[in-house]
Amino acid sequence: QVLPTESEWQDRQLINNGMNSFTPIEAALDPNDWHQTYRSVNAWRERAILCFAHAEAAVGETLLAMGKVPDRGAKVGLRHGSGEPLDDLATAMGADGPFGDMGRKAVSALVDFRRHEGLRPFLSHGTTRGSIDRHGEWVVILKLVSFRGREAQWDETAFDQRQAESVLAELKSSTKKLGS
């Protein structure tokens with residue numbers, strides 16, 4: 001028995017479906033559009049990572065300054081691991097911390113900034129996959145591998161272009177408040 005060729009198969013399918021013509025579907029995207037989209041997604045990611053870097057620098061400088069204050073400064077943590085400086089600042093300015101009497105505004109800014117903390121590992125360590133929707137706007141999927149119980153677990157988050165721009169605007173605002 002001879003198997004039908006691809007074109008014979010298509011003809012049979014069209015006839016079986018009552019169709020008498022075949023219209024191929026082709027990608028209508030100009031490669032230059034794709035490259036521009038790729039640059040746009042990476043620029044968004046870069047600006048978001050930069051917000052985290054600015055926030056971490058501001059927190060580090062604040063902790064160093066607090067650490068130099070006589071008496072109270074010795075109680076300020078100066079750790080450098082992921083998220084630890086934010087924890088140290090929260091502790092130092094918390095109700096029981098050495099700077100608790102001065103920290104209301106800073107604690108509020110810190111809480112606001114920390115809403116975005118879950119995005120940082122996706123941006124810094126995750127893989128990115130992008131596409132373009134039918135309106136020409138990009139969609140990005142960020143995937144992050146972590147290990148739990150010696151097994152890989154993939155987490156993912158996705159943004160369309162408008163959501164991503166909104167998240168970036170919120171992150172910029174939170175970073176600016178925290179830095180001030």
Quiz item: Where the side chain of Arg72 meets the backbone of Pro98, is there a donor-acceptor pair that is under 3.5 Å apart?
Solution: yes
Self-check item: Backbone of Asp112 reached by a side-chain donor or acceptor of Arg115 within 3.5 Å
Solution: yes
Quiz item: How many angstroms lie between CG in Leu78 and CD in Glu84, if you round to the nearest 0.5 Å?
Solution: 11.5 Å
Quiz item: Does the pair Lys143 and Arg129 meet the rule for a side chain to side chain contact (heavy atoms under 4.5 Å, CB included), with working shown?
Solution: CA-CA 8 Å; Lys143 293 182 82 173; Arg129 184 172 188 181; over 6 Å; no
Exercise. Consider only side-chain heavy atoms of I, L, V, M, F, W and Y, link residues closer than 4.5 Å, and tell whether Trp44 and Tyr38 are in one cluster.
Key: no
Quiz prompt | Nearest heavy atoms of Ala92 and Val76, plus distance in Å | solution = CB-CG2, 4.3 Å
Quiz item: Nearest heavy-atom pair of Gly83 and Arg114: which atoms, and what distance?
Solution: O-NH2, 3.7 Å
Self-check item: Verdict with supporting geometry, Ser40 and Trp138, side chain to side chain donor-acceptor pair (under 3.5 Å)
Solution: CA-CA 9 Å; Ser40 179; Trp138 52 260; 3.0 Å; yes
Quiz item: Out of curiosity, Phe113 CZ to Lys177 NZ, how far, rounded to the nearest 0.5 Å?
Solution: 12.5 Å
Quiz item: Among all residues two or more places apart in sequence or in another chain, which pass the ring-ring contact (aromatic ring centres under 6.0 Å, His included) test with Phe122?
Solution: none
Under 3.5 Å, sequence neighbours excluded: what are the donor-acceptor pairs made by side chains of residues 151-159?
{"unit_1": "Gln153", "atom_1": "OE1", "unit_2": "Arg148", "atom_2": "NH1", "d": "2.7"}
{"unit_1": "Gln153", "atom_1": "NE2", "unit_2": "Asp155", "atom_2": "OD1", "d": "3.1"}

Practice problem: Report yes or no: do Ile141 and Leu168 belong to one cluster of Ile/Leu/Val/Met/Phe/Trp/Tyr joined by side chain heavy-atom distances under 4.5 Å? | Solution: no
Quiz item: Which value, rounded to the nearest 0.5 Å, describes the distance between Ser173 atom OG and Leu178 atom CG?
Solution: 11.0 Å
Under 3.5 Å, which donor-acceptor pairs link side chains of residues 45-59 to any protein atom two or more places apart or in another chain?
{"unit_1": "Arg45", "atom_1": "NE", "unit_2": "Leu123", "atom_2": "O", "d": "2.8"}
{"unit_1": "Arg45", "atom_1": "NH1", "unit_2": "Thr128", "atom_2": "OG1", "d": "2.4"}
{"unit_1": "Arg45", "atom_1": "NH2", "unit_2": "Leu123", "atom_2": "O", "d": "2.8"}
{"unit_1": "Arg45", "atom_1": "NH2", "unit_2": "Gly126", "atom_2": "O", "d": "2.7"}
{"unit_1": "Glu56", "atom_1": "OE2", "unit_2": "Arg120", "atom_2": "NE", "d": "2.6"}
{"unit_1": "Glu56", "atom_1": "OE2", "unit_2": "Arg120", "atom_2": "NH2", "d": "3.3"}

Quiz item: Does the side chain of Glu137 come within less than 4.5 Å of Ile132's, by heavy atoms?
Solution: no
Exercise. Any chance you could measure Leu119, atom CG, to Leu142, atom CG, to the nearest 0.5 Å?
Key: 7.0 Å
Quiz prompt | Crowding at CG, Asp101 (>12 non-hydrogen neighbours, <6.0 Å) | solution = yes
Exercise. With the side chain counted from C-beta on, respond yes when Leu110 and Leu86 share a heavy-atom pair under 4.5 Å apart, and no when they do not.
Key: yes
Quiz item: Could you state the interatomic distance from CG (Leu63) to NZ (Lys68), rounded to the nearest 0.5 Å?
Solution: 12.0 Å
Quiz item: Does some side-chain heavy atom of Glu170 sit less than 4.5 Å from a side-chain heavy atom of Ser166?
Solution: yes
Quiz item: Looking only at atom types and distance, does a side-chain atom of Thr91 sit under 3.5 Å from a main-chain N or O of Asp87, one as donor and one as acceptor?
Solution: yes
Quiz prompt | Gap separating the OG1 atom of Thr62 from the CE atom of Met66, nearest 0.5 angstrom | solution = 7.5 Å
